[in-house]
Number of protein chains: 2
Amino acid sequence: MLALNLDKYQPGLSVDCVILGFHQNELKALLLKMKNMDKWSLPGGFVEKDEDVDKAAVRVLQERTGLKNIFLRQFHLFGEVDRGDRGHVDGLLQKGVIGKDLYGWFKQRFVTVGYYALVEYSQVEAPQPDYFSESCEWCAINGLPDLMLDHAGILEKAHEVLKRQLNYQPIGLNLLPKRFTMPELQALYETLLGKALDRRNFQRKMLGYGILIRTGERRTGGAHKSPWLYEFDEEKYRRGLAEGLNVSW
Amino acid sequence: MLALNLDKYQPGLSVDCVILGFHQNELKALLLKMKNMDKWSLPGGFVEKDEDVDKAAVRVLQERTGLKNIFLRQFHLFGEVDRGDRGHVDGLLQKGVIGKDLYGWFKQRFVTVGYYALVEYSQVEAPQPDYFSESCEWCAINGLPDLMLDHAGILEKAHEVLKRQLNYQPIGLNLLPKRFTMPELQALYETLLGKALDRRNFQRKMLGYGILIRTGERRTGGAHKSPWLYEFDEEKYRRGLAEGLNVSW
DNA sequence: TCTTATTGTGTCATTTTGACGCAATAAAGG
DNA sequence: CCTTTATTGCGTCAAAATGACACAATAAGA
């Protein structure tokens, strides 16, 4: 979205991505700071006329993070007529975020498709702001800045969906480095759930899923006993994703 | 959608409802038969410019079934550029389903929001066809007629989502009559899952959820031992919906 | 009254879960 | 160099949930 040729885009339709990473035992989202404003936004974009909506989300993700082949999933369409602040677009114009030429386009009603992406924090080297923003940064989910429109709600919804999915889907691939320790995986779960888990029962349950492979090596350098390094068994991980993990019938 | 004033609608956006009912131990969907064609479609509609997308789905449901206050849930946005048959709209014109005046509107790219609704079969008294269809009927999920565009895929996706949700959400309210027997509830589960369940273990598990109330009465008139009639404890049912049933953490 | 299919209720072995104990580290401090 | 300390690997045990199945109590029809 560098040069904005509005004719290219499908009117009234946008995508917003909740890009989540895990760093220092915190869940973080990649956010954009609007130019000249104390407002932040989710990375988003418009959908080209000859572009699948899913593809548009992939493109947004690619443009901000430089990453391809990321776990990306549509989770909700936000279709309310009033998605927040009535004076929003006027504010953008006033602050010079958009010019008069874009005013009409932005003023129209938009519905937006929410996607969430799980990415490995360290692989995102230089997050790129877009045309309307001055920076692109990781922000901890606890303690978010002021978000524009209904973006806080979108983020909240993504978090909810993810939390629910923890109960019947594996998570961690694409969010943790290729090799990780059991305590690291547990920390991810605890952060997402917002509560502590018993270390020993957690390990038993995770191993029971059969999606982990214990490498022969340990993570050394830590202050205490060196934990084993694990990898995901991608074949079985994928099957877990497709079929579900705690299927009671 | 009786008089079609296209100015009223948000361009490029539609909703489609997978309206499911349960009758004679079969899962059925309410479908529309297109005028003069051997093609069927999901009940759908356009979104008014000042109407929430969710509200549009409610309206469609209301217009076809006459019912309000139904369990209705958005499950996916179908946003591919090519959602099926390229010659579809030309076919509609040729068969007289739409006039020339509507050709342009229909020819544009649409993304559609999929909703599924669970309704009590017997409460839908006279399903109403819309402007483009000649009848509105219940069709068994196994053995569907030929559906237009990607509607078969939409229906399939709804079924998938529902099946998955059986594992962590209660179901039956709005789909079964107010009072029902355990074998009836089990038949619903078996139909959705497409497999047989042990009668006794099923009952134990359902009762364990604590969302059922056993009324003092039995269903009489059957050929054999009269089963107890149950009702849902709506308070607890709703809590089950919100919090999930098989939450492992 | 007897037959037959269906429902209510319960048993039992197995598996899974929740709540802990204890020994083996690995760095840091004295 | 030996002790301290926090962390990890591995295991135990009772309680709860699950899967497989037995048996008695119907209710209509032969």
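To find a chain, count down the sequence lines: A is the first, B the second, and so on, and within it residues start at 1.
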* To do: Please check the phosphate of C/dA26 (OP1 and OP2 only) for any side-chain N or O of A/Ser226 closer than 4.0 Å.
  => yes

* Pair A/Phe75 and A/Tyr115, ring centroids less than 6.0 Å apart -> no

* To do: Return the value, rounded to whole Å, for the distance between atom CZ of B/Arg214 and atom C1' of C/dG8.
  => 8 Å

* Tell me which nucleotide among D/dT8, C/dC12, C/dT7 gets nearest to the side chain of B/Arg204. => C/dC12

* Check: B/Asp146 and B/Asp38 side chains under 4.5 Å, non-hydrogen atoms -> no

* Asked: B/Tyr209 has an atom OH; how far is it from atom P of D/dA17, in whole Å?
  -> 11 Å

* Confirm from the modelled atom types if B/Arg200 and D/dG19 form a donor-acceptor pair under 3.5 Å, side chain to base only. => no

* Asked: What integer distance in Å separates A/Asn167:CG from C/dT17:C1'?
  -> 14 Å

* To the nearest Å, give me how far apart CD (B/Gln186) and P (C/dT7) are. => 9 Å

* Asked: Should B/Glu234 and B/Lys178 count as an ion pair when the cut-off is N to O under 4.0 Å?
  -> yes

* Structure fact -> Out of D/dC10, C/dT7, C/dG18, minimum distance to the side chain of A/Asn201 belongs to C/dG18

* Length of the line joining B/Arg218:CZ and C/dT6:P, which is rounded to integer Å -> 17 Å

* Asked: Among the nucleotides D/dA27, C/dG8, D/dA6, which one has an atom lying closest to any side-chain atom of A/His224?
  -> D/dA6

* Length of the line joining B/Asn246:CG and D/dA16:P, which is rounded to integer Å -> 17 Å

* Scan A/Gly208 against the nucleic acid and name what it touches under 4.0 Å (heavy atoms): base, sugar-phosphate only, or nothing. => nothing

* Between B/Tyr121 and B/His23, how do the two ring planes meet: parallel, tilted or perpendicular, split at 30° and 60°? -> parallel

* side-chain N/O B/Lys205 vs D/dA17 OP1/OP2, d < 4.0 Å -> no

* Which residue lies toward the 5' end of DNA chain C, B/Asp198 or B/Ser248, if each is placed at its nearest nucleotide? -> B/Asp198

* Counting side-chain heavy atoms from CB outward, which of C/dT17, C/dA26, D/dC23 is closest to B/Arg199? -> D/dC23

* Asked: Closest to the A/Lys225 side chain: C/dA26, C/dT7, D/dT8?
  -> D/dT8

* Asked: Mapping A/Thr181 and B/Gly222 to their closest nucleotides on DNA chain D, which lands nearer the 5' end?
  -> A/Thr181

* Asked: What is the distance, rounded to the nearest whole Å, between atom OH of B/Tyr230 and atom P of C/dT7?
  -> 12 Å

* Asked: In whole Å, what is the span from the CG atom of B/Leu229 to the C1' atom of C/dT7?
  -> 13 Å

* **Trace of the side-chain hydrogen bond (donor to acceptor under 3.5 Å, both in side chains) decision for B/Asn246 with B/Tyr209** => CA-CA 9 Å; B/Asn246 284 307; B/Tyr209 288 152; 3.2 Å; yes

